[in-house]
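Inspection log for the structure reproduced underneath, given as structure tokens.
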Amino acid sequence: MCVGLSAKVVSINNGMAMVDSKGSKREVSSALIEDLEPGDYVMVHAGAAIAKITDNEEDEAMGLL
């Protein structure tokens with residue numbers, strides 16, 4: 001089973017995004033998502049942002065964890 005983690009994009013630089021998930025920050029690849037901006041929420045898996053998600057989807061994902 002694969003598990004993704006929801007996170008908020010803090011900054012983007014050269015195809016990498018700094019994301020924050022419940023206060024834990026890490027750098028992930030943002031190459032798979034076009035038009036990604038700070039403040040967006042993403043689903044992260046295996047070191048890459050794989051999809052943009054809405055605020056409501058982020059709340060639901062965090063509630064499941």
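If you read the sequence from its start, that first residue is 1, and numbering goes on from there. Fair warning: this is a prediction, and the values are worked out from it, not measured in the lab.
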> Between NZ of K8 and CG of D20, what distance do you get to the nearest 0.5 Å?
Replying inline: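 Taking NZ in K8 and CG in D20, the distance rounds to 8.5 Å.
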> Roughly how far apart are L5 CG and H45 NE2, rounded to 0.5 Å?
Replying inline: 11.5 Å
> Considering all heavy atoms of both residues, which atom of V28 and which atom of A49 are nearest to each other, and what is their separation?
Replying inline: CG2-N, 4.1 Å
>> Please give me the minimum heavy-atom distance between A7 and V19, naming the atom from each residue.
In response: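 Taking every non-hydrogen atom into account, CB-CB, 3.7 Å.
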>> Let me check something: do M16 and V42 share a hydrophobic cluster, defined by ILVMFWY side-chain heavy atoms less than 4.5 Å apart, either directly or through other members?
In response: no
Hey, can you pull the donor-acceptor pairs under 3.5 Å for the side chains in residues 29-38, sequence neighbours left out?
unit_1, atom_1, unit_2, atom_2, d
S29, OG, A31, N, 3.3
S30, OG, G15, O, 3.1

> Given the rule in the side chain to side chain contact (heavy atoms under 4.5 Å, CB included) test, do S6 and I53 qualify, once you have shown the distances and angles that lead to the verdict?
Replying inline: CA-CA 8 Å; S6 62; I53 59 174; 3.7 Å; yes
>> Please give the remaining members of the hydrophobic cluster of V10, linking ILVMFWY side chains under 4.5 Å, ordered by chain and number.
In response: M18
